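Working notes, beginning with the structure itself.
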Amino acid sequence: MSQDVLTPARISEIHKEAGRRRTFAVISHPDAGKSTLTEALALHAKVIGTAGASSGKANRRETVSDWMQMEKDRGISISSAALQFSYRDTVINLLDTPGHADFSEDTYRVLAAVDCAVMLVDAAKGLETQTMKLFEVCKQRNLPIITVINKWDRPGLDALALMDEITERTGLQPMPLTWAVGISGDFRGVWDLRNDRFARFQRNNAGAQIAITDYFTPEEAAEDQGSNWSDAVDEAGLVIESNLEFDVDAFHAGQATPILFSSAALNFGVKELLDALVDFAPPASPRPDVDGNPRPVGSPFSGFVFKVQAGMNKAHRDHVAFIRVCSGVFERGMVVTQTRTGKSFATKYAQQVFGREREVIDEAYPGDVVGLVNASSLRVGDSLFLEEAVEYPAIPLFAPEHFQVARSKDPSKFKQFRRGIEQLEHEGVIQLLRSDLRGDQAPVLAAVGPMQFEVVEDRMAHDFSAPMRLERLPYSLARITTADAMPALANVPGAEVLLRSDGEYLALFNDVWALRRIEKNHPDLTLVPIGTHN
Ligand code: G4P
């Protein structure tokens with residue numbers, strides 16, 4: 001259908017489609033079970049078939065992304081894309097995020113493209129370092145979070161202690177939607193508080209199929225489970241008493257977090273999570289532009305690039321830009337405008353990509369993710385639109401902690417070297433810093449995690465035929481500063497000022513002591529922390 005005229009009927013259809021979208025990401029500290037849960041969710045929605053009959057890393061590589069040799073070698077997932085499936089007349093868009101903390105910048109960018117996050121907590125470990133960083137990023141984005149306490153089939157912490165930890169460390173009020181029956185290590189099922197019933201789980205074929213669930217009334221549950229049941233009711237009652245009855249507004253406002261219990265490996269509690277997403281997670285809604293004006297979902301197509309991925313298909317050396325649709329309807333073949341350059345972009349090759357699975361996409365609605373192939377002119381953060389111009393806010397760059405100088409191994413290949421580095425910077429693989437002092441030949445690469453440098457080295461050698469050398473710099477800390485800091489700190493040991501490609505001046509310091517010394521000696525300088533998110 002052509003979009004030349006968005007008829008009232010078409011606009012109302014777009015509203016309806018946006019209203020039934022749930023776009024979210026599962027995030028967690030590594031090893032909490034994110035990949036296992038992703039497969040279990042997909043299994044429930046019958047996308048994959050027999051999700052990870054396995055749930056082990058070795059088998060998982062068959063179902064989750066294996067785009068780069070490095071991922072295979074390390075058994076980690078570096079790339080992000082989206083898995084779409086329908087559940088109860090709702091279209092679920094599950095955006096994949098890398099499991100390794102070194103690629104957390106990639107995860108943070110995905111969080112710019114979702115409407116809700118599912119935070120997975122390992123029942124035995126509670127809130128871990130990366131869990132806390134991710135909570136922080138969600139908070140800064142006002143992103144509603146559903147918390148899932150996973151691995152309840154294994155001995156772990158006490159449920160009430162976990163609730164206290166969440167309240168104290170994240171400031172979010174826990175609002176149980178389900179409560180575990182049986183202590184961790186003895187998972188019998190959950191009290192489904194909304195329906196006031198006991199969902200009893202049964203192990204089924206090592207988790208290779210959807211778990212069988214029987215439902216009991218509270219009276220039946222008391223008889224069936226005895227003290228396990230009464231303990232669960234008492235504990236959940238305590239949490240509700242000291243916090244909130246379930247309040248969807250407090251969840252959407254990022255003040256409270258619905259709580260669910262699961263064993264992703266056994267597919268326990270997964271259906272309950274899907275139901276919570278359908279019933280409570282926010283649908284795709286008007287997204288504010290750079291000036292803070294929300295663009296109605298029923299206006300002509302618009303979206304933004306949250307991820308660029310190259311080399312996903314070695315045979316084709318392709319380059320895919322992932323767009324989150326914000327308004328209107330995307331139709332394959334439409335010619336859209338790139339806000340940054342004002343240039344037209346033909347969307348002939350639009351795909352849905354998840355791991356190795358690709359499908360041509362013909363239409364997409366607000367909340368959906370479209371992969372545009374051969375999109376090397378698109379950068380992370382770019383806005384695209386049809387008819388009515390829009391610019392969405394830039395996706396913030398995160399605080400780098402690792403810095404290396406890059407040089408071309410072969411000086412005669414400097415042109416390829418420069419092109420490659422710039423391209424990787426546009427894709428968000430690395431941040432790029434320069435100074436007159438260091439010159440053009442030796443830019444500084446900045447990363448949140450050191451493995452990002454390995455990706456750069458690999459891509460430079462294989463995709464750009466420009467092998468390079470890297471030399472580690474001693475800095476571990478960055479602050480946003482101003483141009484006058486560059487001469488002021490030119491000869492100061494333990495510090496250096498460089499210009500990042502987004503126009504920000506970054507002051508780098510060996511360590512916190514070097515920073516303190518300089519703050520003391522140069523009280524006039526602006527040195528603003530970047531945090532995880534500026
Ligand atoms: P991640 O993506 O968050 O890094 O976690 P992943 O799914 O890879 O899970 C990490 C390990 O935890 C996996 O074990 C997985 O089987 C296990 N796991 C995930 N969810 C559950 C759960 O609900 N219960 C239990 N008991 N285990 C769970 P693995 O990689 O196969 O290693 P191993 O445990 O077999 O040694």
Side-chain angles (χ1 to χ4, degrees), residues 24-44 48 50-66 71-72 74-81 83 94-104 106-107 110 117-135 146-157 159 162 178 180-190 201-211 213 259-273 354-355 449 451:
F24 75 103
V26 180
I27 49 179
S28 70
H29 189 87
D31 261 7
K34 191 169 63 66
S35 313
T36 311
L37 179 70
T38 301
E39 283 170 11
L41 286 167
L43 171 66
H44 268 266
I48 292 180
T50 45
S54 71
S55 70
K57 284 203 157 96
N59 296 329
R60 174 165 335 107
R61 269 176 257 146
E62 296 301 318
T63 45
V64 184
S65 35
D66 67 345
E71 286 183 71
K72 280 197 198 156
R74 291 181 183 267
I76 55 170
S77 145
I78 295 173
S79 327
S80 300
L83 176 68
L94 167 51
L95 273 59
D96 189 22
T97 55
H100 199 286
D102 267 21
F103 298 101
S104 49
D106 197 7
T107 301
V110 170
V118 169
M119 180 73 74
L120 211 52
V121 175
D122 184 326
K125 304 210 172 120
L127 303 179
E128 301 174 81
T129 335
Q130 193 62 12
T131 329
M132 289 310 298
K133 280 193 188 166
L134 289 161
F135 262 118
I146 297 178
T147 303
V148 177
I149 311 291
N150 190 37
K151 303 198 186 180
W152 200 257
D153 58 300
R154 269 194 197 164
L157 300 168
L162 280 162
T178 67
V181 177
I183 57 166
S184 53
D186 182 24
F187 199 6
R188 311 291 184 92
V190 291
F201 300 137
Q202 284 183 45
R203 282 176 187 255
N204 188 357
N205 207 3
Q209 293 162 28
I210 294 176
T213 309
I259 302 283
L260 294 127
F261 289 80
S262 76
S263 166
L266 298 173
N267 293 315
F268 288 1
V270 176
K271 177 185 174 300
E272 286 71 14
L273 171 59
F354 189 79
M451 257 199 254

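One is the number of the first residue; the rest follow in order along the sequence. All values reported here derive from a predicted model rather than from experimental measurement. Atoms within a ligand are numbered from 1 in the order they appear, just like the ligands themselves.
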Any nitrogen or oxygen of [X], main chain or side chain, under 3.5 Å from a nitrogen or oxygen of ligand 1?
X: Ala264; answer: yes
X: Gly33; answer: yes
X: Trp152; answer: no

Distance-only donor-acceptor pairs under 3.5 Å for side chains of residues 119-128, two or more places apart:
from	atom 1	to	atom 2	distance (Å)
Asp122	OD1	Ala124	N	2.9
Asp122	OD2	Lys151	NZ	3.4

Checklist entry - Given that the side chain starts at C-beta and the backbone is N, CA, C, O, which of these parts of Ser35 lies under 4.0 Å from ligand 1, counting heavy atoms, or is it both or neither? => result both
Checklist outcome for this item: Logged contact type for Asp31 with ligand 1, heavy-atom cut-off 4.0 Å, is both
In ligand 1, which numbered atoms sit nearer than 4.0 Å to a non-hydrogen atom of [X]?
X: Ser263; answer: 22 (C), 23 (O), 24 (N)
X: Asn150; answer: 20 (N), 21 (C), 23 (O)
X: Arg154; answer: 25 (C), 26 (N), 27 (N), 34 (O)

Checklist entry - Does the side chain of Leu41 reach to within under 4.5 Å of the side chain of Val118, using non-hydrogen atoms? => result no
Item to check | Student check: side-chain heavy atoms of Ser184 and Trp152 closer than 4.5 Å | outcome: yes
Checklist outcome for this item: Those residues at least two apart in sequence (or on a different chain) that pass side chain to side chain donor-acceptor pair (under 3.5 Å) with Thr178 are none
Checklist entry - Between the main-chain N or O of Val26 and the side-chain N or O of Thr97, is there a donor-acceptor pair closer than 3.5 Å? => result yes
Item to check | Between NE2 on residue His29 and CE on residue Met132, distance to nearest 0.5 Å | outcome: 12.5 Å
Checklist outcome for this item: Judged by heavy atoms only, the candidate from Thr36, Ile149, Asp153 nearest atom 19 (C) of ligand 1 is Thr36
Item to check | Nearest neighbour of atom 21 (C) of ligand 1 from the list Ala265, Gly269, Ser28, Ser262, on a heavy-atom basis | outcome: Ala265
Checklist entry - Minimum heavy-atom separation for Gly33 to Ala264, with atom names? => result O-CB, 4.4 Å
